[in-house]
> 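I'd like to ask some things about the structure below.
Each chain gets a letter, A, B and so on, in the order the sequences are listed, and its residues count up from 1.
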There are 2 protein chains.
Amino acid sequence: MPRKKEKDPTIADVARAAGVAGMTVSRVLNGGKYVSADVDKRVRSAIVRLGYHPNEAARVLRGQAPRTIGLIVPNLADPFFSVCAHAAQQMAMQQGYATLLLACEADLNEEDRALALLRSRNAATGVLIFPSRLDSAQQLKDMQARGVPVVTLDRTIPGLDAGEVMVENAEGALKAVNHLIMHGHKRIVCVGYDSQFNSISQRMDGYRRAMADAGLKPQMLIAENGAEVPKIVLKRLRAGDVPTALFSLNNVTTTQVLHLLQRENLRVPDQIAVVGFDDFDLGELLAVPLTAVRQPAAELGRSGTRLLLEMIRMGSTGMEGTGARIVLPTELIVRRSCGCVAPPRIAGTK
Amino acid sequence: MPRKKEKDPTIADVARAAGVAGMTVSRVLNGGKYVSADVDKRVRSAIVRLGYHPNEAARVLRGQAPRTIGLIVPNLADPFFSVCAHAAQQMAMQQGYATLLLACEADLNEEDRALALLRSRNAATGVLIFPSRLDSAQQLKDMQARGVPVVTLDRTIPGLDAGEVMVENAEGALKAVNHLIMHGHKRIVCVGYDSQFNSISQRMDGYRRAMADAGLKPQMLIAENGAEVPKIVLKRLRAGDVPTALFSLNNVTTTQVLHLLQRENLRVPDQIAVVGFDDFDLGELLAVPLTAVRQPAAELGRSGTRLLLEMIRMGSTGMEGTGARIVLPTELIVRRSCGCVAPPRIAGTK
DNA sequence: CTGAAAGCGCTTACAG
DNA sequence: CTGAAAGCGCTTACAG
């Protein structure tokens, strides 16, 4: 049975082993400049021999920025977020940064707690966040004021001057709704929730624009939250003037809608066509292969990390009006739920 | 424009504001014992007034265990892992622990790097890991030797005495294959990859047992990795003695198989039945609703964190032969791909 | 119940 | 090119 704790070698141990002063070891560890080749070699070999690793806590206490970013995600169980998070984390690790993950459920107060935890520990050099509360602005501004850059992902916080990575929401929605219009639909209802996020409202704008351009009347169905979607859709279906097509604002809504239509025995797309914003891995394998707007989820994560690390390097907090803004393209993946028969793939999708 | 960095108040600032010594502030911060009510109040109000937060780095340097666990996941883009990770992180945060996330792709060396990062930073008080390399044993033993408990999730590392959370793999597979046998299938092929993991080999055992009990000949189809699955299945389908049913060992395999069968225009379940280990959120909405063994993914994550935190509290590293072992039940969700017509739900599923 | 002081492991002016 | 020493913000014996 091994001992409970084995003490780590310190710089002093290495110094002793190499026959130099601690400060010289530190020099080798960092730049390595102004050190004679001979000493450098002796120190390095001692480091290896003793299995020395610098103590992060001491470094941070001394004022070094921890090579750690905070990643705040509403719900890691949602594939859109988890794909982003995975890509973001990968990119960070590649650059030598660790990722402190904070998943904070829809539950209203958890984002605050997550932010507070990050703040109080002083643990992150930068923050990557899918904001799920628009009123987190103050907490984030505090972080920025302490020199911690912030990048918002997929959504933006009003009044917060931060780095941003968005997706072409309006354009994607426009393409989707135009496609439905092209199929001859006139009563197209737009359904979703979370319209307080600008990602969602941008999609709504795209929908409205497409409808207006075609001289059609927009009809919004906005639920309180994902769980309420079936209820309001069902009510709408039972009212007169039944829609012939649905445009769904995100993946949760799409799933709910599909389940509902299946329960109600409504044939898609014959009785009602469906196009969603957000694609599924299994889109192709669904009872009715889903036509959907695909977002570059992984690229969103990667771009976010890249932008954040750049801001860290530049010493920019994102609050000096320079806030870089990245907008990623979306793509309409045409399958069957829109009414198309042979699935004609758009662009070079495999 | 706010200043770049605002300095944080320290214990000394609080002490001054409260008119006491630093040590007293520290006492209030920790236990709070042996402090007069009056002083306690003065100190607390000063803390609030100044917005004081203890400096984690200093605490850690002083020898306190960081309230942080490391979570090592092969691929966060896989819903099984992301659901676990989410639940694990939630549970950790609830207990005041932060989660350092390390997602390390199938890419062979990343798990090593992830572990090295954790080790070198001394950043985690405990490690939760879905091992993706069986040879990480040494690194993990090192961590244990330094007093950091380890809990393995979903799989086990040979020769490592750690906390473990597993799932009833053999039992689940047995139920699944028995169900196919009940449908009259005789040529049931078991397909998958990653058979070096005991989770997978336990599923294979369950399959073999079911086949043996029915006097049937087991037939294994084990690919190098997920991407190779379609190739070997296709080859098998084109050989003589075509299987009438497939038992798939995990979700990636199931997806691949389903795509392949669709491309080949093989009707499920008429021409070939399919049952998978691992359920999908969208299982119900698939062209052929999938019959699958459901694993309690979220519970796996939660149990893992719970066990790990307990080990941390007990000062157990898991290497003293005490290593707690939790095994979670699985459930067969019967839908249509097995050949059942009206979907008779097993047990109390909604 | 309260405090003065040492020390955790680093880095960094400051000298030489 | 190299080193002695201070100090980052805490906690902890040790006194009183």
> Is there side-chain contact between B:Val127 and B:Met143, with at least one heavy-atom pair below 4.5 Å?
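Result yes, sub-4.5 Å side-chain heavy-atom pair found.
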> C:dC8 C1' sits how many Å from A:Glu56 CD, rounded?
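Nearest whole value for this atom pair: 15 Å.
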> What I'd like to find out is whether the side chain of A:Leu328 reaches to under 4.5 Å of the side chain of A:Met166, using heavy atoms alone.
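Contact flag for A:Leu328/A:Met166 side chains = no.
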> Which of these passes side-chain hydrogen bond (donor to acceptor under 3.5 Å, both in side chains) with A:Gln95: A:Gln90, A:Arg313, A:Arg306?
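With A:Gln95 as partner, A:Gln90, A:Arg313, A:Arg306 yield a single side-chain hydrogen bond (donor to acceptor under 3.5 Å, both in side chains), made by A:Arg313.
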> Is A:Ser36 near enough to D:dT2 that one of its side-chain N or O atoms lies under 4.0 angstrom from OP1 or OP2?
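Checking A:Ser36 against D:dT2: at least one side-chain N or O falls below 4.0 Å of OP1 or OP2.
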> Between B:Thr152 and B:Glu164, do the side chains contain a donor N or O and an acceptor N or O under 3.5 Å apart?
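Result is no, nothing qualifies.
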> If only side-chain N and O atoms of B:Tyr34 are considered, is one of them under 4.0 Å from the OP1 or OP2 phosphate oxygen of D:dT12?
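No, because none of the side-chain N or O atoms of B:Tyr34 sits under 4.0 Å from OP1 or OP2 of D:dT12.
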> Measure from the side-chain heavy atoms of A:Leu61 and tell me the nearest of D:dA4, D:dT12, D:dC8.
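Of the options given, the side chain of A:Leu61 lies nearest D:dC8.
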> Send over the distance from A:Asn55 CG to D:dG9 P, rounded to a whole Å.
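Value for this atom pair: 16 Å.
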> Reckon B:Gln64 has a side-chain N or O less than 4.0 Å from the OP1 or OP2 of C:dC8?
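For C:dC8, neither OP1 nor OP2 has a side-chain N or O of B:Gln64 closer than 4.0 Å.
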> Expressed as a whole number of angstroms, how long is the span from B:Arg59:CZ to D:dC8:C1'?
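After rounding, the reported distance stands at 16 Å.
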> Going by side chain to side chain donor-acceptor pair (under 3.5 Å), name the residues that satisfy it together with A:Thr10, two or more places apart in sequence or in a different chain.
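A:Thr10: no side chain to side chain donor-acceptor pair (under 3.5 Å) contacts found.
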> Which pairs with one or both residues in residues 116-144 of chain B pass ring pair (Phe, Tyr, Trp, His ring centres under 6.0 Å), sequence neighbours excluded?
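Qualifying pairs: B:Phe81-B:Phe130.
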> Where the side chain of B:Met23 is defined as all heavy atoms beyond and including C-beta, which of D:dT12, D:dG3, C:dC10 is the nearest nucleotide?
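Given the options D:dT12, D:dG3, C:dC10, the side chain of B:Met23 is closest to D:dT12.
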> Need one value for A:Ala21: base, sugar-phosphate or nothing, where a base atom within 4.0 Å counts as base even if backbone is also close, heavy atoms only.
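Since only primed, P, OP1 and OP2 atoms lie under 4.0 Å of A:Ala21, the category is sugar-phosphate.
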> What is the distance, to the nearest angstrom, from the CG atom on B:Leu29 to the C1' atom on D:dG9?
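The answer, rounded to whole Å, is 12 Å.
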> Could you check whether B:Val39 gets within reach of a base, just the sugar-phosphate, or nothing at all, counting any heavy atom under 4.0 Å?
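If one applies the 4.0 Å heavy-atom cut-off, B:Val39 turns out to touch the sugar-phosphate alone, with no base involved.
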> Side chain of B:Ser26 only, heavy atoms from C-beta on: which candidate in C:dT12, D:dT12, D:dG9 is closest?
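Looking only at heavy atoms from C-beta outward on B:Ser26, the closest nucleotide is D:dT12.
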> Judged by each residue's nearest nucleotide on DNA chain C, which is more toward the 5′ side, B:Ala58 or B:Gly22?
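Upstream on the strand: B:Gly22.
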> With the side chain of B:Arg27 defined as its heavy atoms from C-beta on, choose the nearest nucleotide among D:dG3, D:dT2, C:dT2.
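Nearest to the side chain of B:Arg27 among the choices is C:dT2.
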> Does a side-chain N or O of A:Thr24 approach OP1 or OP2 of D:dG3 to a distance below 4.0 Å, or not?
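Looking at the OP1 and OP2 atoms of D:dG3, one of them is under 4.0 Å from a side-chain N or O of A:Thr24.
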> Nearest-Å distance, CG (A:Asp40) to P (D:dT2)?
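Rounding to the nearest Å, CG of A:Asp40 and P of D:dT2 are 9 Å apart.
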> With rounding to the nearest 0.5 angstrom, report the CG to CG distance, A:Asp40 to A:Asp38.
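Going from the CG atom of A:Asp40 to the CG atom of A:Asp38 covers 9.0 Å.
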> What base-paired stems does DNA chain D take part in, with at least 3 consecutive Watson-Crick or G-U wobble pairs and both distances under 3.5 Å?
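So far as stems of 3 or more pairs are concerned, DNA chain D shows C:1-3 with D:14-16, C:5-12 with D:5-12, C:14-16 with D:1-3.
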